[in-house]
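Numbered from 1 within each chain, the chains take letters A, B, ... in sequence-line order. Quick caveat, the model's predicted, so the values are computed rather than measured.
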Amino acid sequence: MVSKQDSDWFPIMRLSRYFLPVQKENPAEAEIVSHRLMLRAGMIRQASAGIYSWLPLGYKVLRKIEDIVHDEQQKAGAIPVLMPTIQSADLWRQSGRYDDYGAEMLRITDRSDREMLYGPTNEEQITEIAGAGIRSYRDLPRILYHIQWKFRDEVRPRFGVMRGREFLMKDAYSFDLDKDGARHSYNRMFVSYLRTFERMGLKAVPMRADSGPIGGDMTHEFLILAETGESAVFLDRNLAELSFGDSAIDWEDASALQGIVDRYTASYARTDETHEEAVFESEVPEDRRLTARGIEVGHIFYFGSKYSKPLNATVNKPDGEVVPFESGSYGIGVSRLAGAIIEASHDDKGIIWPEAVAPFEVAVINLRQGDAEADGACEDLYAKLNARGLDVLYDDRDERAGAKFATIDLIGVPWKLVVGPRGLKEGVVELVNRRNGETENLSPEDAMNRLAATYGRA
RNA sequence: CGGAGCGUGGCGCAGCUUGGUAGCGCACCUGUUUUGGGUACAGGGGGUCGCAGGUUCGAAUCCUGCCGCUCCGACCA
């Protein structure tokens with residue numbers, strides 16, 4: 001488990017002083033459940049088509065998702081950088097994509113009539129950076145990544161942040177001397193993705209992607225299984241049951257990584273784009289054939305010297321030969337994940353956040369605001385939970401119990417600590433699990449210990 | 001890009017056909033009441049009716065143009 005994040009950025013919170021514009025009614029424009037819930041829970045507000053502001057609650061979730069992605073990228077050996085959103089057209093002319101990319105690319109001219117663009121992706125830019133900074137085979141391999149806003153002028157933005165025009169993406173780029181090295185880098189990212197999504201409480205399955213003009217087997221999409229997914233997916237049920245748990249990984253051991261990748265790619269798993277029914281039926285026994293829907297949250301591919309060649313990003317080999325980098329790129333839709341997690345985890349009351357990405361880890365609910373005993377007990381719990389490193393929201397609004405439960409359930413806090421005069425007379429508070437509704441009456445101390453243990457805090 | 005539709009307080013909507021100076025529910029404010037899963041009553045604040053032009057004594061309503069947004073389909077983290 002991650003430790004409580006960024007407490008300086010996200011100070012402890014009591015709801016009476018927070019900014020949480022929740023709505024009782026469904027916005028008319030929101031068709032899918034994650035979009036509806038994000039609007040109702042006050043996570044986002046639309047600025048224009050496919051462009052959103054992230055309000056405090058949504059921003060907090062986004063940051064928690066980012067934290068996990070950062071952590072897993074770096075564990076896998078990738079190095080963080082930050083490239084600009086605005087790029088010069090020149091680089092894109094060199095790679096030949098300035099004309100190829102078409103209307104999806106937002107083009108801008110500055111005051112000197114220079115042609116600029118709001119980056120839809122960063123292959124050109126990172127290749128230029130790597131080319132300038134890496135001269136020798138001794139400097140390889142390297143994987144650089146950043147998490148940055150992208151803009152793609154989609155013809156039809158929809159589904160809230162699931163397909164916005166502006167979106168936050170983690171994109172990593174690998175640089176290797178040869179194809180074997182590139183495969184190792186590819187496998188690092190492959191395994192990193194499995195861990196990343198698993199940590200977020202998601203079941204993401206790698207599926208063979210359309211390899212396009214480059215060809216080869218080194219391209220996979222990672223899809224979360226969710227009823228409302230955009231793509232139909234076909235897979236061996238066994239794949240959906242694989243998991244890492246806590247097992248350690250030796251990222252430098254190329255053959256070990258290859259073993260993991262092989263295990264996850266041994267069984268049939270494809271989207272409707274590459275699906276072949278005959279192959280599906282011959283490779284997967286009938287009782288293991290799973291047909292479902294999925295949301296694409298990651299995409300990795302190897303593209304060799306597609307960019308290094310035209311951009312002249314080269315490196316010296318031991319024998320003095322000068323060769324272009326062998327590269328791949330590896331994307332995770334960070335802002336999309338916020339929506340995708342909700343698609344995969346909600347009920348009719350609202351969002352059910354997996355603990356690792358929940359905006360708040362526990363909500364203290366005061367059933368009788370203004371009652372001296374209840375107020376005192378809540379303040380005490382609030383202070384102590386904070387001191388123990390838990391991300392706690394105290395619902396201290398002067399509202400009835402029902403309104404508090406409705407709000408807290410809507411915004412999906414995984415645990416509720418329910419405090420009222422009645423329970424306090426017996427010396428207990430209620431610890432309620434959002435997902436299954438299970439309730440336990442515990443002493444305040446026991447309840448806090450239980451929460452700390454759940455989140456791996458002292 | 002092809003097809004359909006919608007813009008009226010923060011949200012959900014009615015009013016438009018048949019022009020007469022804007023209404024309902026939620027939310028918000030005040031008071032009373034209530035208090036262990038969205039209390040009840042009373043009072044109240046808030047809207048250039050997307051924008052511009054036109055017709056008319058008078059336009060949310062009719063006409064023209066523009067802008068914005070959504071949905072279905074083809075394309076993508």
### Query
Rounded to the nearest Å, what distance is computed from the CG atom of residue A:Asp153 to the C1' atom of nucleotide B:rC1?
13 Å
### Sugar-phosphate only, base, or nothing, as touched by A:Gly164 at under 4.0 Å among non-hydrogen atoms
base
### Query
What nucleotide among B:rC75, B:rA77, B:rC13 has an atom nearest to a side-chain atom of A:Ala28?
B:rC13
### Message
Quick check on A:Lys203: does its NZ atom have over 12 non-hydrogen neighbours (other residues, nucleotides or ligands) under 6.0 Å away?
### Response
yes
### Nearest-neighbour nucleotide for the A:Lys416 side chain, B:rG37, B:rG38, B:rC76 considered
B:rG37
### Message
Below the 4.0 Å mark, does B:rU70 have OP1 or OP2 next to a side-chain nitrogen or oxygen of A:Gln46?
### Response
yes
### Query
Is a donor-acceptor contact shorter than 3.5 angstrom present between the side chain of A:Glu399 and the base of B:rG38?
no
#### Entry: Base B:rG12 to side chain A:Asn26, donor-acceptor N/O within 3.5 Å cut-off
no
### Task
Find the partner of B:rG25: check Watson-Crick (N1-N3 plus N6-O4 or O6-N4) and G-U wobble (N1-O2, O6-N3) distances, both under 3.5 Å, and reply none if neither fits.
B:rC11
#### Entry: Quiz item: cation-pi between A:Arg142 and A:Phe175, 6.0 Å / 45°
no
### Message
When the C1' atoms of B:rG25 and B:rG15 are compared, how many Å lie between them, rounded to an integer?
### Response
15 Å
### Task
Pick the C1' atom in B:rG53 and in B:rG46, then give their distance to the nearest Å.
29 Å
### Task
Measure from CD on A:Gln23 to P on B:rA27 and round the result to the nearest Å.
12 Å
### Message
Determine whether a donor-acceptor pair (one donor, one acceptor, N or O, separation below 3.5 Å) exists between the side chain of A:Arg156 and the base of B:rC75.
### Response
no
### Salt-bridge criterion met for A:Asp395 and A:Lys416 (N-O under 4.0 Å)
no
### Task
Please report, rounded to the nearest Å, how far the C1' atom of B:rC71 is from the CE atom of A:Met162.
17 Å
### From B:rG37, B:rG73, B:rA77, nucleotide with atom closest to A:Ala401 side chain
B:rG37
### Selection from B:rC76, B:rG36, B:rG37 that lies nearest to any side-chain heavy atom of A:Phe405
B:rG37
### Query
For RNA chain B, whose closest nucleotide is more 5', that of A:Gly298 or that of A:Pro157?
A:Pro157
### Message
Rounding to an integer number of angstrom, what distance separates B:rA42 and B:rA27 when you compare their P atoms?
### Response
15 Å
### Query
Mind checking the P distance from B:rC63 to B:rA22? Whole angstroms is fine.
23 Å
## Note on the structure
ring-ring contact (aromatic ring centres under 6.0 Å, His included) with A:Phe190: of A:Tyr330, A:Phe222, A:Tyr302, only one passes, and it is A:Phe222
### Message
Tell me if a side-chain donor or acceptor on A:Arg36 pairs with a main-chain N or O of A:Glu31 at a distance below 3.5 Å.
### Response
yes
### Message
Can a side-chain donor-acceptor contact be found between A:Arg397 and A:Thr407 if the only test is distance below 3.5 angstrom?
### Response
yes
### Query
Looking only at side-chain N and O atoms, does A:Lys24 come under 4.0 Å of OP1 or OP2 in B:rA27?
yes
### Query
The side chain of A:Arg336 lies closest to which of these nucleotides: B:rG38, B:rC75, B:rA77?
B:rA77
### Message
Can you identify which nucleotide, out of B:rG37, B:rC71, B:rC76, has its nearest atom closest to the A:Asp409 side chain?
### Response
B:rG37
### Message
What's the closest nucleotide to the side chain of A:Ala49 if the choices are B:rG38, B:rG36, B:rC69?
### Response
B:rC69
### Query
Which nucleotide, B:rC76, B:rA77, B:rG36, lies nearest any side-chain atom of A:Glu273?
B:rC76
### Task
Scan A:Val334 against the nucleic acid and name what it touches under 4.0 Å (heavy atoms): base, sugar-phosphate only, or nothing.
nothing
### Task
Could you let me know what B:rG20 is paired to, Watson-Crick or G-U wobble, both distances under 3.5 Å, or none if it's on its own?
B:rC57
### Summary
Rounded to whole Å, CZ of A:Phe301 lies from C1' of B:rC76 at a distance of 11 Å
### Message
Rounded to whole Å, please give me the gap between NZ in A:Lys425 and P in B:rG36.
### Response
13 Å
#### Entry: Among B:rC76, B:rC71, B:rG37, the nucleotide that comes nearest once only the side chain of A:Lys349 is considered
B:rG37
### Selected nucleotide, minimal atom distance to A:Glu29 side chain, candidates B:rA74, B:rG12, B:rC76
B:rG12
### Summary
Under a 3.5 Å limit on both distances, the Watson-Crick or wobble mate of B:rG5 is B:rC69
### Task
Using a 4.0 Å heavy-atom cut-off across all strands, classify A:Ala406 as base, sugar-phosphate, or nothing.
base
### Query
Above 12 or not: heavy atoms from other molecules or residues under 6.0 Å from CZ of A:Arg208?
no
### Message
Distance check, P atoms only: B:rG12 and B:rC6, in whole angstrom units.
### Response
16 Å
### Task
With ring-ring contact (aromatic ring centres under 6.0 Å, His included) as the test, would you mind laying out the steps for A:Phe360 and A:Tyr18 before giving the verdict?
CA-CA 12 Å; A:Phe360 294 98; A:Tyr18 201 44; 5.6 Å; yes
### Task
Would you indicate what A:Pro421 reaches in the nucleic acid, counting non-hydrogen atoms under 4.0 angstrom: base, sugar-phosphate, or nothing?
base
### Task
Can you tell me the distance, in whole Å, between the CZ atom of A:Phe159 and the P atom of B:rC71?
7 Å
### Task
Nearest whole angstrom, please: distance from the C1' of B:rG36 to the CD1 of A:Ile365.
11 Å
### Message
Using atom P in both nucleotides, what's the gap between B:rC16 and B:rA74 to the nearest angstrom?
### Response
38 Å
### Message
I want to confirm an ordering. Mapping A:Glu31 and A:Leu168 to their closest nucleotides on RNA chain B, which one lands closer to the 5' end?
### Response
A:Glu31
### Query
Would you say the base of B:rU34 and the side-chain of A:Arg400 have a donor-acceptor pair closer than 3.5 Å?
yes
### Main-chain N/O of A:Phe167 paired to A:Tyr52 side chain as donor or acceptor, under 3.5 Å
no
### Task
Using the C1' atom on both, measure B:rA60 against B:rG43 and round to a whole Å.
29 Å
### Query
Within the structure shown, what part of the strands sits under 4.0 Å from A:Gly420 by heavy-atom distance: base, sugar-phosphate, or nothing?
base
#### Entry: Atom-pair distance (CD1 on A:Ile408; P on B:rG38), nearest Å
15 Å
### Task
Provide the distance between the two C1' atoms, one in B:rG47 and one in B:rG10, to the nearest whole Å.
12 Å
### Message
Once you apply a heavy-atom cut-off of 4.0 Å, does A:Ser48 come out as touching a base, just sugar-phosphate, or nothing?
### Response
sugar-phosphate
### Summary
Scanning all shown strands, the Watson-Crick or wobble mate of B:rG31 with both distances under 3.5 Å is B:rC41
